[in-house]
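Let me begin by presenting the structure, written as C-alpha cells, before commenting on it.
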Amino acid sequence: MFDTLNEEQKKAVLATEGPVLCLAGAGSGKTRMLTHRIAYLLERGVDPYNIMAITFTNKAAGEMKERVDRLIGENGGSIWITTFHSSCVRILRRYADRIGYDNNFSIYDTDDSKSVMRDVCKRLRIDTKILRERAILSAISGAKDELVPPDEFRARAAGDFRMGRIAEAYDEYQKTLKSSNAMDFDDLIMKTVELFKADGEVLDSYQKRFRYIMVDEYQDTNTAQFQLIRLLAGEKGNLCVVGDDDQSIYKFRGANIRNILDFEHYYPDATVVRLEQNYRSTRNILDAANAVISNNVGRKDKSLWTDKDKGEQIHLKLFDNAYEEAEYIASEIGRRGRKDPGEFGNCAVLYRTNAQSRMLEERFVYEGIPYKVVGGVNFYSRREIKDILAYLRTIDNARDDLQVKRIINVPRRGIGATTIAKVQEYADAYALSFYEALERADEIPSLGKAASKLTAFVSMIRVFRSKLEVMTLDKLVRVIVDETDYMSEFDSETDEEIEGRIENIDELINKIVAFYEVNPEATLGDFLNEVALVADIDEVEEGVPRALLMTIHSAKGLEFDHVYLAGMEDGLFPSDMTITSDNPQDIEEERRLAYVAITRAKETLTLCYARTRMIRGETRYNAPSRFVREIPEILLDNRVAKPRREEEPSPGISDSFARKPYSSPYEIGSGRKPVAVPGKKETPASVKPYIAGGGLGSLSALGVTKGPGPVGGVKGGKPDYDIGDRVRHVKFGEGLVTDLEPGPRDYKVTVDFDEVGQKVMYAAFAKLEKIEI
DNA sequence: TAGTTGGGTTTTTTT
DNA sequence: AACCCAACTA
C-alpha cells in the first residue's frame with residue numbers, strides 16, 4: 001500500500017503518535033500522505049471512530065473520504081472527515097443546550113448578520129454613515145476569531161470612542177442572535193470552544209473519542225480554530241497538522257500564520273516532516289513559482305523541486321483591454337476543447353476578483369464553451385433561495401425573528417413597516433419572540449384591521465408545518481411557491497430574470513431530493529444544516545468536462561493541466577489596497593496568492609494582462625503585475641511590455657513596496673501615501689498612467705508624456721480635435737465631437753457615436769483618435 | 001403601503 | 001458599473 005510514497009511521505013504516515021508538523025509544499029502529495037496515514041492507522045487496528053480529519057472545504061472532505069474508502073474498502077464511514085465549521089455544528093447540535101442555546105439553533109450567513117446589525121445600529125442610534133455595519137461586523141468577526149467575548153472587547157476598548165461603540169454593538173448583536181437562537185459562522189467555532197471550556201464532561205468525551213486528529217491547510221487556521229484543536233487533542237494528543245506557510249492566503253478572515261510558524265514552539269517534541277518534491281507542475285512552472293515566492297521574507301525556508309521536464313515556457317500575453325483578454329482566453333480554451341472535449345475540464349481561468357468573471361463568462365458563452373463560474377454570489381444567498389429557505393426556517397424554528405421578518409411581506413401581503421414595528425413593540429413589552437407576538441395579533445390593540453393579515457400569515461405557516469407531516473420537503477417547497485404566489489414578487493422583472501429565478505428554485509428542489517436520497521431519515525433541520533455551510537467550490541462536480549472560472553482563493557487545493565491567470569496588473573493583482581498599505585505583510589500575502597495561483601498549473605500556464613481595464617466604472621491604465629516581473633525572463637515566451645520610461649527598476653525587485661511604481665497626482669513630490677481628497681470624487685486626473693516604475697514625481701505620472709501616450713488626451717492642454725471633428729474610440733467606435741469644454745482638471749468632451757449614441761467623457765482617458773477626412 | 005428616484009458608497013479575497 | 005438606502009410621490 002505504501003509503495004507509492006516517497007521517504008518523507010512515509011515518515012509522516014508512520015509518525016502516528018505525538019504531535020507532527022508536516023510542511024507540505026504545493027503539489028507535494030499531502031492528500032496522498034493524509035489518506036495513507038488514515039489507512040495506516042486503520043490497518044494498525046485503530047477504530048475509525050477515533051479518527052478525525054479536518055479539511056478546508058466540504059469538497060476536499062468528500063474527496064478524502066473517497067480516497068480513504070478506495071484504499072481500505074468501505075469502512076471509513078465513522079471517521080469524521082469534515083471542515084471546522086461542520087464539525088462544530090455537529091458538536092453543537094448535540095450540546096448547545098449546555099451553553100444556553102437550543103440544539104436546533106439557526107446558522108446565520110453574512111447576509112443575515114448584516115440585517116441583524118442594521119437593526120442593532122438603529123436601536124443603539126449608531127450613525128451608519130460614520131460607522132458602517134460592515135466595519136462593525138468585521139471588527140466583531142475579528143474578535144470572535146480571537147475568542148474575545150463582548151465584555152472583554154468592551155474592556156479593551158476603554159477610552160476609545162469608536163471601539164466603545166463597536167463594543168456596544170457587539171454586545172447587542174450577540175444578545176439578538178441568542179434570543180433568535182442563532183449563531184453566525186464565527187460563533188460556530190467560538191461557541192464550541194466555549195462549550196469545551198465550560199463543560200469538562202463534554203470535552204472529555206470528545207478527547208476520548210478523537211485520539212488521532214489531522215488538520216489540513218493548517219496555515220489558514222485562526223486562533224479560535226487552533227484553540228479548538230488544542231483542546232481536542234489534549235496534552236498528549238496525536239495531532240498531525242499539514243500546511244504550507246507559503247500558501248497562507250486567508251489573513252482577512254482571521255487566519256493566523258503564527259499557528260504554523262510557531263507549531264514547534266507549542267509542541268517542542270513535534271516530529272517535523274518536509275514534503276518538498278512537487279509532483280504536479282512542470283519545472284518551468286515550478287521555477288516561476290519559486291522565483292516569485294522567494295521575494296517574501298519571514299517564511300520557513302524550503303525549496304520545492306521536481307524531476308519533471310521543463311515543459312512549455314510560460315505564456316505571457318498583453319492586451320489592450322479586458323475584453324480582448326477575455327476573447328483570447330476563451331478562444332484558446334475553445335481551441336483546446338475542439339481538439340478534445342475532455343480538455344475543457346482540464347482548463348481553469350483564475351483571477352483576483354469576482355468582478356472579472358463577467359466579461360470572461362460572456363466570451364465563454366459566445367464561443368459555446370462548457371464552463372462554470374465558481375463563487376460570486378453563492379447559490380444559497382440568492383434572493384429567491386434565501387426567501388424559500390426563510391419559509392423553511394420559520395417552519396422549523398419560529399424563534400428566528402429574522403427569517404420571519406424576511407418573509408412576512410414576501411410576496412406582498414400588505415404588511416408594512418408600521419405594522420411590523422407595532423408587533424415588535426408588543427413582543428418587546430411581553431418578552432416574546434416576534435412570531436409569538438404574531439400569534440397573538442388579535443390581542444394587539446394598535447393594529448386595527450392589519451391584525452387579520454397577520455393571523456392569516458400565522459395560520460398559513462401552521463398549515464405548511466402540518467403538511468410536512470404528510471409530504472416530502474421538495475413537495476412542500478412547491479406548495480409554498482404556489483400557495484403564496486411567490487413568483488408575483490418578481491412581476492417587474494424581465495422574462496430572463498424570472499426564468500433564472502425559477503431555475504434556481506428548481507435547482508433547490510433537486511438538491512432537496514438528492515439530499516433525502518442520501519439521508520432518508522433526515523429532518524428539515526438536518527437539511528437546513530447541510531445547506532448553511534456549503535461553499536461554492538463544494539458544488540463543483542467531478543468528471544464533468546467544463547472549464548472553471550474562479551478566484552484564486554477558490555482555486556486553493558485544486559490543480560489543472562492548463563491555467564490562465566487573468567488580470568496580472570499592479571492595482572488589480574496585487575490590489576491597490578495592498579500596494580498603498582504601509583504594512584509590508586499585506587503585499588506578502590498577495591504574493592503568496594500569486595504563488596498559489598501559479599502552482600495550480602500542471603502543464604501550461606498563461607499569464608494575461610491588459611493595458612486598460614474598467615474597475616468600478618473607471619478606466620484604469622495599469623502596469624504589468626510586479627509578480628509577473630518577478631518571474632525570470634527565461635521562463636517566459638514573451639517580454640514584459642516595456643514601460644514608457646526607461647528609468648524603471650528591473651524585474652525581480654523584492655523591495656517593491658519600498659518604492660511605489662507609480663503615484664497618484666495627489667502625492668507627487670510629497671512621497672507620502674496618497675490621501676483621498678475629502679468631498680471630492682476622484683477626477684480623471686488620477687488615472688494611473690501606463691508606466692511601470694515611473695517613480696515619484698515622474699512627469700509621466702501626470703500623463704504629460706510625449707509620444708505614444710493617450711492620443712489627444714494631453715491633460716492641461718487642449719486635445720488635438722475640436723467640435724465638429726470625427727474621432728475614434730477604442731470601445732465605442734467612431735463618432736462626432738459635439739461639445740468640448742474645459743473642466744477643473746481636464747477637458748470634457750461630448751461625442752455622438754455612430755453605434756452607441758452620445759457619451760460625455762474626459763479627454764485624458766477617453767483616448768480619442770482624430771480621424772482626418 | 002408601494003413604487004420610484006436620486007444620491008452616495010463600494011469589494012479584494014470567504015467558511 | 002452595481003448596489004443600497006432614504007426620501008419622495010402616487
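These numbers come from a predicted model, not from an experiment. Throughout, protein chains are lettered first and strands after them, A, B, ... in sequence-line order, and every chain is numbered starting at 1.
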Q: Verify the contact: side-chain N or O of Ser575(A) to OP1 or OP2 of dT13(B), cut-off strictly under 4.0 Å; return yes or no.
A: no
Q) Which one, dT11(B), dT13(B), dC5(C), comes nearest to the side chain of Arg118(A)? A) dC5(C)
Q) Is it true that the side chains of Lys251(A) and Gln585(A) contain a donor and an acceptor less than 3.5 Å apart? A) no
Q. Looking for any heavy atom pair under 4.0 Å, which part of the strands does Ser554(A) touch: base, sugar-phosphate only, or nothing?
A. sugar-phosphate
Q. What's the CG-C1' distance between Asp111(A) and dC3(C), to the nearest Å?
A. 12 Å
Q) Quick one: is dT13(B) close enough that its OP1 or OP2 comes under 4.0 Å of any side-chain N or O from Asn354(A)? A) yes
Q) So what does Glu590(A) touch, heavy atoms closer than 4.0 Å: a base, only the sugar-phosphate, or nothing? A) base
Q: Measure from the side-chain heavy atoms of His85(A) and tell me the nearest of dT15(B), dT14(B), dA2(C).
A: dT15(B)
Q | Ring-base stacking, Phe252(A) with dT14(B) (5.5 Å, 30° cut-offs) | A | no
Q. At under 4.0 Å between heavy atoms, what does Ser86(A) touch on the DNA or RNA strands: base, sugar-phosphate, or nothing?
A. nothing
Q: Tell me which nucleotide among dT15(B), dT1(B), dT11(B) gets nearest to the side chain of Thr418(A).
A: dT1(B)
Q) Met577(A) or Thr419(A): which one's nearest nucleotide on DNA chain B is closer to the 5' end? A) Thr419(A)
Q. Taking side chain as C-beta onward, heavy atoms only, is Tyr101(A) less than 4.5 Å from Leu92(A)?
A. no
Q.
Taking the minimum atom-to-atom distance to the side chain of Thr110(A), which one of dA1(C), dA2(C), dT15(B) wins?
A. dT15(B)
Q. With a 4.0 Å cut-off on heavy atoms, is Phe84(A) in touch with a base, just the backbone sugar-phosphate, or nothing at all?
A. nothing
Q. Have Tyr250(A) and Asn222(A) got a donor and an acceptor in their side chains that come within less than 3.5 Å?
A. no
Q: Report yes if at least one side-chain N or O of Arg412(A) is closer than 4.0 Å to OP1 or OP2 of dG3(B); otherwise report no.
A: yes
**Q.** Euclidean distance, atom CD1 of residue Ile107(A) to atom C1' of dT15(B) [Å, nearest integer]
**A.** 11 Å
Q: Could you check whether Asp186(A) gets within reach of a base, just the sugar-phosphate, or nothing at all, counting any heavy atom under 4.0 Å?
A: nothing
(Q) Please classify the nucleic acid contact of Asn409(A) as base, sugar-phosphate, or nothing, using heavy-atom distances under 4.0 Å. (A) sugar-phosphate
Q. Side chains of Glu217(A) and Gln219(A): is there a donor and an acceptor less than 3.5 Å apart?
A. yes
Q: With C1' as the reference atom in both, quote the distance from dT11(B) to dA6(C) in angstrom, rounded to an integer.
A: 23 Å
Q | Nearest-Å distance for atom pair CD1/P, residues Ile408(A) and dA2(B) | A | 12 Å
Q: Assign Arg592(A) to base, sugar-phosphate, or nothing according to its heavy-atom contacts below 4.0 angstrom with the strands shown.
A: nothing
Q. Roughly, in whole Å, what's the span from CD in Gln356(A) to P in dA1(C)?
A. 17 Å
Q: Please check if any side-chain donor atom of Asn296(A) sits under 3.5 Å from a side-chain acceptor atom of Tyr595(A), or the reverse.
A: no
**Q.** Below 4.0 Å: OP1/OP2 of dT1(B) and any side-chain N or O of Arg413(A)
**A.** no
Q. Does the distance from a Lys or Arg side-chain N to an Asp or Glu carboxylate O, for Asp244(A) and Lys30(A), drop under 4.0 Å?
A. no
**Q.** Whole-Å distance separating the CG atom of Asn58(A) from the P atom of dT14(B)
**A.** 15 Å
Q) DNA chain B: Ile420(A) or Arg616(A), which has the more 5' nearest nucleotide? A) Ile420(A)
(Q) Rounded to whole Å, please give me the gap between NZ in Lys114(A) and P in dC5(C). (A) 5 Å
(Q) Can you confirm whether the side chains of Asn622(A) and Arg620(A) place a donor and an acceptor under 3.5 Å from each other? (A) yes
Q | Side chain of Met614(A) - closest among dA1(C), dT15(B), dT13(B) | A | dA1(C)
Q: Give the rounded distance in Å between these two atoms: CG of Asp127(A) and P of dA6(C).
A: 10 Å
Q.
Tell me the interatomic distance from Phe56(A), atom CZ, to dT13(B), atom C1', rounded to whole angstroms.
A. 11 Å
